[in-house]
Amino acid sequence: MNKDHSNLWAGLSDEARNALTARDYKAGSLAQRIADSGIDASELAVADRSRQDVKRAWIPGVEIFPRKIHSQRHRGVFGEFVRRDEGVLAKIGFWPKQWSAARMFAPSAKGFHVHPPSIPADTSAEKWLRRLFMRGPQNYSLRRYDNEQWDVMFFVQGRVEMILCDVRAGFSKRIMRFFIDGDNHQSSNNVGVVVPPGVAHAIRVEGSEDVIMVYGTSTIFHPEFEGRIASEIETAELPESWQKFLGQSGK
C-alpha cells in the first residue's frame, strides 16, 4: 500500500471525507480500560490491588476471583463454584442464604439495578460506608450481610459483559467494565464476582449464545431490596397498534 497518505481519501466525495473519523486503537492505561472500553475478567482476577492505579479504579467491596474449569473428555466440563470454608467468600465471611439460577436469551441484557446498603441508626450513610470500605476494609465482621443483599455470581454457559457503577453516598463514581466466559468456554476469564450493596450492576450477553448464570445472595429475596436504574432494556413494548386495540396507554 502506498505510504503517502496525503491523498488517501481522494476517491471519496467531499461530504464523505468530512465525515470520516479514525478509531483510536491505543490500549490506554489499566484504569482507563476498566472504566471505558472494558477489560478481560482474567486481568482483574490477578491484578495487584495494592498498585495505586488499580486502587483508584477498583470499586471497594467488589471481589473478582479465578475459577478452574476441568474438561471431561467425551462428557463435558466440571467446575466448582465456591467452598464455604475456603477462598474469597471464607475470607470476607460471606455465605449465601439463597442460591438462584437465571437464563438470559441472546442477545438480551439485564438493566442496571442496585441493592440498598444497611446503615446503622446511630450514624450517617457516608460515615458508615467510609468506615467499612475505606478506613477498615479488612474488618469484614462489621459487614451487615444479614440486613443487606450482597451477590456472588457465576456463569456456566455463554459469555457476558458486566458493568458495575459505584453509587454509594460519599464515594466517587467508579466504573468497572469487564468480560466473563461461562464454564463451557474454558479460559482464564472463568471467574466469580462479588457485588456489594450500593453498587449498580448490569449484564449484557456477548455473542449469539444463551447465558446461564448461578448466583448466591446474602439474604433471601426481598423485592424492596431491588432498585431499578436505567432498566428499560428489559421491557419490550407492544406495537402502538396493539396497545390501541387493547386500550392500553403503556407497556
Side-chain angles (χ1 to χ4, degrees), residues 15-16 19 21 23 33-41 59 61-62 64 96 98-118 125 148-169 171-185 189 191-251:
E15 181 182 7
T21 60
R23 175 175 290 178
R33 289 187 292 129
I34 292 173
D36 297 332
S37 60
I39 190 171
D40 281 347
I59 296 175
V62 168
I64 300 172
Q98 178 173 330
W99 290 94
S100 305
R103 182 173 191 155
M104 298 176 62
F105 295 141
S108 65
K110 291 184 181 294
F112 280 100
H113 63 283
V114 65
H115 309 299
S118 175
E148 57 189 14
Q149 182 174 321
W150 288 65
D151 296 333
V152 57
M153 301 181 180
F154 306 95
F155 297 87
V156 298
Q157 177 179 293
R159 290 185 168 102
V160 302
E161 175 186 22
M162 180 176 284
I163 306 176
L164 308 180
C165 182
D166 198 344
V167 294
R168 289 171 289 191
F171 282 33
S172 59
K173 188 179 180 181
R174 290 188 177 101
I175 296 169
M176 295 179 70
R177 184 176 176 182
F178 48 94
F179 302 90
I180 303 172
D181 290 342
D183 294 7
N184 62 323
H185 299 285
N189 290 322
V191 301
V193 182
V194 174
V195 182
V199 176
H201 42 292
I203 300 170
R204 296 201 299 184
V205 175
E206 284 279 299
S208 59
E209 181 180 21
D210 289 357
V211 164
I212 297 175
M213 61 181 294
V214 172
Y215 60 100
T217 54
S218 59
T219 63
I220 61 173
F221 176 68
H222 294 288
E224 63 271 23
F225 277 15
E226 188 173 67
R228 315 301 298 182
I229 306 174
S231 58
E232 294 85 355
I233 193 169
E234 298 178 6
T235 305
E237 293 190 32
L238 294 175
E240 186 177 349
S241 61
W242 288 23
Q243 294 182 31
K244 184 177 179 180
F245 171 69
L246 295 171
Q248 296 177 344
S249 59
K251 300 168 186 178

Fill in: Residue pairs, two or more places apart or on separate chains, that pass salt bridge (charged side-chain N to carboxylate O under 4.0 Å, His left out) and touch residues 213-226
E226-R228

Worksheet item: For T219, does its backbone N or O pair with a side-chain atom of T217 as donor and acceptor, under 3.5 Å?
Response: yes

Discussion item. Treating E148 as the side-chain partner and P117 as the backbone partner, does any N or O pair qualify as donor plus acceptor under 3.5 Å?
Written reply: no

Worksheet item: According to the salt bridge (charged side-chain N to carboxylate O under 4.0 Å, His left out) rule, which pairs have a member within residues 100-110, sequence neighbours left out?
Response: R103-D210

Discussion item. On a heavy-atom basis, which atom in W99 and which in V214 lie closest, and how many Å separate them?
Written reply: CE3-CG1, 4.1 Å

Discussion item. Measuring from atom CD1 of I180 to atom CE of M162, what distance do you get when rounded to the nearest 0.5 angstrom?
Written reply: 4.5 Å

Practice prompt. Under the ring-ring contact (aromatic ring centres under 6.0 Å, His included) rule, collect the residues that match up with F154, sequence neighbours excluded.
Written response: F81

Practice prompt. Please collect all salt bridge (charged side-chain N to carboxylate O under 4.0 Å, His left out) contacts where either partner lies in residues 195-209, sequence neighbours excluded, each pair once.
Written response: E161-R204

Discussion item. Let me confirm one number: the CE-OG distance from M153 to S100, rounded to the nearest 0.5 Å.
Written reply: 10.5 Å

Worksheet, complete the sentence: Rounded to the nearest 0.5 angstrom, the CD1-CD1 distance for I64 and I39 is 9.0 Å

Practice prompt. Can you see which heavy atom on Q98 is nearest to which on I220, and at what distance?
Written response: OE1-CA, 3.3 Å

Item to complete: Return the set of residues passing ring-ring contact (aromatic ring centres under 6.0 Å, His included) with H113 (not counting sequence neighbours), or none when no residue passes.
Response: H115, H201

Discussion item. Please give me the minimum heavy-atom distance between V211 and G158, naming the atom from each residue.
Written reply: CG2-CA, 4.1 Å

Practice prompt. Identify the heavy atoms of F225 and P116 that sit nearest to each other, and give their distance.
Written response: O-CD, 3.1 Å

Worksheet item: Quick one: ring-ring contact (aromatic ring centres under 6.0 Å, His included) partners of H185, sequence neighbours excluded?
Response: none

Fill in: Contact check, side chains of V199 and R168, non-hydrogen atoms, under 4.5 Å
yes

Practice prompt. Please tell me if the side chains of V191 and F178 come closer than 4.5 Å, counting only heavy atoms from C-beta onward.
Written response: no

Worksheet item: Considering all heavy atoms of both residues, which atom of D166 and which atom of F171 are nearest to each other, and what is their separation?
Response: OD2-CD2, 3.3 Å

Practice prompt. Could you tell me which non-hydrogen atom of N189 sits nearest to which non-hydrogen atom of A41, and how far apart they are?
Written response: OD1-N, 3.3 Å

Worksheet item: Got a donor-acceptor contact below 3.5 angstrom from the R177 side chain to the D36 backbone?
Response: yes

